[in-house]
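Reading through the structure tokens given below for one structure.
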Amino acid sequence: MRNSTRSEVDPFIVMDVMEAARKAEEAGRHIIHMEVGQPSTGAPSGALKTLGNALENNALGYTVALGLPELRKRIARLYGDWYNVDLNPERVIVTPGSSGAFLLSFTALFDSGDRVGIGAPGYPSYRQILKALGLTPVDIQTAPENRLQPVAADLKGQDLAGLMVASPANPTGTMLDHAALGTLIDAARAEGASFISDEIYHGLEYEAKAVTALELTDEAYVINSFSKFFSMTGWRVGWMVVPEDHVRVVERIAQNMFICAPHASQVAALAALDCEDEMRENLAVYAKNRQLMLEGLPKAGFTKIAPPDGAFYVYADVSDLTDDSRSFAAKLLEKAGVAVTPGLDFDPVRGAATLRFSYARSTADIEEGLARLALYMASRG
Ligand SMILES: Cc1ncc(COP(=O)(O)O)c(C=O)c1O
């Protein structure tokens, strides 16, 4: 039986690293995980308690496709609390993670073959999902002087039907401030490109508050998730805010593609929104870890790093150390017992000379990982 050409998407290299780390652990080695992009903490305790009660007396069948009305209302309130944006709950659509929102947004906005701009380095699945939907991902090679974020000039003459940005971004953790985001939104509009803002790392910010595209425009798709700030990766629940006149379009696609986001996860997510104090405790751990990384990585020999504004990653230029990030990461795993992600996942061109370090785990793990990296790098002479 033949496969479609659009199914020829690339594997996630970090998964190979995770598998190698798992095998090493199976063989009895102790590995420090700086490769995974998820908190080691679970869902907030309030969410678990509420779900426990719901399991007793709720059949947890399908919900309506747009999501539980109370959850949509509560998410809208978050925009008031976090950004002082008055958001109509009717515009909020609950999705199976932000990954589900990518499928919905790309399907609702673009026709086969349309060109969609994505920053490189960037989250790998944008490119692969676009390809799988028969769309054309257009890599925008971002510049270090722009903190590896796209700028208006990058869009000129690219014939883009859409532009996808993330702030804070994965793998760099850099953010677009109010002015930079506004300029990009204007430039996309001038080019006739729909603007999609991936805001999954909002809440995980260290110096300045992240800016939502909704502070600047209603003409954008804004995607977020319970995976990161709310520490609920496996629950597969996120959301998307769309312009009022797009709600029905997305609703029809969601009804057919997913029916709904998992009901149990929606119940837990609603309660999680009232557990911000617990989430702030996690944030304090990341902030400490970030400081340790910013001090420890240069000492270990990873000197070309930019301080991340948010998320829980440091992206390092290791061109002075290797031109093969995949085998360098394999060496770090084998010799230092530290798993990291080769940059090739995020940037197929320049990623051969970059690595991503995640600091989402416990502070003790980060201290141990940095000590191991320093020891190994010193031993290389
Ligand atoms: C930038 C970015 N967007 C989206 C996702 C996917 O998240 P979700 O669990 O909400 O599908 C990730 C996961 O790491 C990510 O880094």
Side-chain angles (χ1 to χ4, degrees), residues 9-15 17-18 33-40 97-102 105 116-130 137 139-142 144 146-150 163-176 180-181 184 196-206 210-213 222-233 238 240 282-283 286 289-290 293-294 297 305-317 325 329 339-351 354-361:
V9 301
D10 300 328
F12 219 159
I13 297 171
V14 68
M15 297 294 175
V17 177
M18 285 162 81
H33 291 274
M34 290 188 173
E35 84 284 29
V36 281
Q38 67 173 340
S40 55
S98 63
S99 304
F102 298 147
S105 59
V116 181
I118 52 175
Y123 179 57
S125 301
Y126 302 147
R127 181 180 307 108
Q128 312 307 343
I129 296 173
L130 287 166
D139 277 351
I140 296 171
Q141 290 296 328
T142 60
N146 298 324
R147 308 208 57 232
L148 299 175
Q149 287 278 5
L163 175 68
M164 172 101 207
V165 300
S167 167
N170 177 6
T172 59
T174 63
M175 295 196 318
L176 293 160
L181 187 59
L184 261 185
I196 310 176
S197 182
D198 181 352
E199 302 184 354
I200 186 171
Y201 291 104
H202 278 220
L204 301 178
E205 58 241 352
Y206 304 103
V211 180
T212 173
V222 168
I223 293 174
N224 207 322
S225 173
F226 287 90
S227 288
K228 309 289 172 161
F229 178 72
F230 292 99
S231 192
M232 295 174 66
T233 48
M240 177 158 80
N282 292 350
L283 183 63
Y286 304 143
N289 294 353
R290 171 180 178 268
M293 295 290 267
L294 292 180
L297 284 175
I305 55 173
D309 307 310
F312 33 52
Y313 309 114
V314 177
Y315 198 54
D317 175 344
S325 58
V340 303
T341 307
L344 285 168
D345 258 344
F346 312 102
D347 185 338
V349 180
R350 296 173 297 178
T354 58
L355 293 177
R356 187 194 73 177
F357 298 85
S358 166
Y359 53 88
R361 313 294 278 210

Close side-chain approach of [X] to [Y], heavy-atom, < 4.5 Å:
X      : Y      : result
Gln38  : Ser227 : no
Ser105 : Ile223 : yes
Val17  : Val340 : no
Leu148 : Tyr315 : yes
Asp198 : Tyr126 : yes

(request) Answer yes when Arg147 and Asp309 have at least one side-chain N-carboxylate O distance shorter than 4.0 Å, and no when they do not. (result)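 Salt bridge flag = yes for Asp309 with Arg147.
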(message) Ring-plane angle category for Tyr313 and Tyr201, please: parallel below 30°, perpendicular beyond 60°, tilted otherwise.
(response) perpendicular
(request) Please state whether the rings of Phe226 and Phe230 are parallel, tilted or perpendicular, taking 30° and 60° as the class boundaries. (result) tilted
(message) Could you work out, with side-chain hydrogen bond (donor to acceptor under 3.5 Å, both in side chains) as the rule, every residue matching Arg127, not counting sequence neighbours?
(response) Asp139
(request) Can you sort out the partners of Thr142 under side-chain hydrogen bond (donor to acceptor under 3.5 Å, both in side chains), two or more places apart, ordered by chain and number? (result)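 Once residues adjacent in sequence are excluded, Thr142 has no partner under the side-chain hydrogen bond (donor to acceptor under 3.5 Å, both in side chains) criterion.
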(message) Quick check for you: to the nearest 0.5 Å, what is the distance between Gln141 atom CD and Arg350 atom CZ?
(response) 4.0 Å
(message) Rounded at 0.5 Å granularity, tell me how far CG in Leu163 sits from CD1 in Ile140.
(response) 5.0 Å
(message) Pair Thr354, Asp347 - check side-chain contact (heavy atoms from CB on, under 4.5 Å), show working.
(response) CA-CA 9 Å; Thr354 58; Asp347 185 338; 5.6 Å; no
(message) If we ignore hydrogens and angles and just use 3.5 Å, is the side chain of Glu205 paired with the main-chain N or O of Pro168 as donor and acceptor?
(response)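 No: the side chain of Glu205 does not pair with the backbone of Pro168.
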(message) Closer than 3.5 angstrom, by distance alone: can the side chain of Asp345 be matched with the main-chain N or O of Phe12 as a donor-acceptor pair?
(response) no
(request) Could you give me the CA-CA distance, side-chain angles and deciding distance for Phe346 and Asn170, then say whether side-chain contact (heavy atoms from CB on, under 4.5 Å) is met? (result) CA-CA 8 Å; Phe346 312 102; Asn170 177 6; 3.7 Å; yes
(message) Looking at every heavy atom in both Gly173 and Ala311, which two are closest together, and how far apart are they?
(response)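 Here Gly173 and Ala311 meet closest at CA-CB, 4.3 Å.
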